[in-house]
Amino acid sequence: MDINQFIEKFKQIETKGFVKSMRRGPTGIGMTLESLLGIKENNISLPDLDGIELKAHRDNSMNLITLFTFNRGAWIMNPLEAVRKYGTLDKNGRLGLYFTMNFTPNSAGLYLFADNEAVSVRHINGDVLVKWNFNDLEDQFKRKVPALIIAYARTEYRGNDEYFQFYKAVLLKGTTKDIIRESIKNNIILIDLRLHDKGTMARNHGTGFRIYEKNLPLVFSNTEVIA
DNA sequence: GGTACCTGGAA
DNA sequence: ATTCCAGGTAC
């Protein structure tokens, strides 16, 4: 699907008003939008449209937007070992590492460290949990998010069912490969650990490289309302 | 069956 | 803004 096809279809979706979420939970909005557009769900780290990554975002949500995830070859420690050593109990009684990292140590003693080559998650005791080379991050960023469309929806609940009203789409483009390095060092792109102890393994939703919506213009030079 | 991606939040 | 968390699939 190219950009013009997207605009046509999205305008039709806008005319539908509130549509029922096709899946319960946080991911319902993205799955529903893709389904309405006729895009099949996948787990391929490529843009959804022709060279454009698609995001869906609920109004009144201050949450981070995930630009991409990256774990392959990055973990120095065994993830399950790291969870058990440094994790905190979640509301389900599981040990988890659910941290948006910073360059100063958090409550678990974990912090980010960056030099010219890589950024890593470390513990104040010296352990290096996971490390990403900037070159690899640049490649993944450029590969997954060469440009981005963010689709906005109002939401409401009818009983236990969530409904979405898509009403606006914004295209952001004009990113460069090397911007990720400075964005990470400046805490514009945030590193979000999202894994927990699932008994015999670490259930890892993928380390997210994430950004606040308001900061998106800092990694793209051009912003345009397209629908 | 585990890993690594995808899609995203609530308080 | 910070702390903590969700449902999916390919291989």
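Naming: A, B, ... by sequence-line order, numbering from 1 per chain.
Taking 4.0 angstrom as the limit, Lys214(A) places a side-chain polar atom (N or O) nearer than this to OP1 or OP2 of dA1(C). When the side-chain nitrogen and oxygen atoms of Lys144(A) are compared with OP1 and OP2 of dC5(B), none of them lie within a distance under 4.0 Å. Within the 4.0 Å cut-off from OP1 or OP2 of dG9(B), at least one side-chain nitrogen or oxygen of His57(A) is found.
We find that Arg58(A) and Glu156(A) are not joined by a salt bridge, their nearest charged nitrogen and carboxylate oxygen being 4.0 Å or further apart. Electrostatic pairing of Arg203(A) and Asp197(A) does not count as a salt bridge here, judged by no charged N lying under 4.0 Å from a carboxylate O. A salt bridge is absent between Arg122(A) and Asp127(A): the closest approach of a Lys/Arg side-chain nitrogen to an acidic carboxylate oxygen does not fall below 4.0 angstrom. Ionic pairing of Asp192(A) and Arg210(A) is present here: one or more N-O contacts between side-chain nitrogen and carboxylate oxygen are shorter than 4.0 angstrom.
Look at CG on Asp136(A): it is 15 Å from C1' on dA4(B), rounded to the nearest Å. Distance Leu64(A) CG to dC4(C) C1': 12 Å, rounded to the nearest Å. The CG-P distance, from Leu33(A) to dG9(B), rounds to 12 Å in whole Å. With rounding to whole Å, Asp59(A) atom CG is found 12 Å from dA10(B) atom P. Residue Ile191(A) contributes atom CD1, which lies 17 Å from atom C1' of dT3(C) at whole-angstrom precision. If you take CE of Met101(A) and P of dT2(C), they are 13 Å apart, rounded to a whole angstrom. Distance, Asn215(A) CG to dT2(C) P: 11 Å, rounded to whole Å. Atom C1' of nucleotide dA6(C) and atom NZ of Lys198(A) are separated by 13 Å, given to the nearest angstrom.
Using modelled atom types and a 3.5 Å distance limit, the side chains of Tyr152(A) and Glu213(A) yield a donor-acceptor pair. Residues Asp59(A) and Tyr167(A) bring a donor and an acceptor atom of their side chains to less than 3.5 Å of each other. If you check the side chains of Tyr86(A) and Asn106(A), you find no donor sitting under 3.5 Å from an acceptor.
Closest-nucleotide positions on DNA chain B for Met31(A) and Thr200(A) were compared, and the one nearer the 5' end corresponds to Thr200(A). When each of Arg58(A) and Ser45(A) is assigned the nucleotide of DNA chain B with its nearest heavy atom, Ser45(A) is the one assigned upstream, toward the 5' end.
Donor-acceptor pairing under 3.5 Å, judged by distance alone, is present between the side chain of Asn63(A) and the base of dA10(B). For Arg194(A) against dG8(B), a side-chain N or O and a base N or O form a donor-acceptor pair under 3.5 Å. Counting atom types as modelled, His205(A) pairs no side-chain N or O with a base atom of dG8(B) as donor and acceptor under 3.5 Å. Evaluation of atom-type donor-acceptor distances gives no pair under 3.5 Å for the side chain of Arg24(A) against the base of dG8(C).
At a threshold of 4.0 angstrom between heavy atoms, the contacts of Asn42(A) are confined to the sugar-phosphate backbone, with no base atom among them. Counting any heavy atom pair closer than 4.0 Å across all strands shown, Asn106(A) reaches no nucleic acid atom.
Within a 6.0 Å radius of NZ in Lys173(A), no more than 12 heavy atoms belonging to other residues, nucleotides or ligands are found.
Nearest nucleotide to the Ser107(A) side chain, out of dC4(C), dC5(B), dT9(C): dC4(C). The side chain of Met62(A) lies closest to dA1(C) when the candidates are dC6(B), dC4(C), dA1(C).
Near DNA chain B, meaning a heavy atom under 4.0 Å from it, residues 69-88 of chain A has Thr69(A), Phe70(A), Asn71(A), Arg72(A) in order of number. Contacts with DNA chain C (heavy atom under 4.0 Å) in residues 173-183 of chain A: none are found.
No side-chain donor-acceptor contact under 3.5 Å links Asn186(A) to the backbone of Ile188(A).
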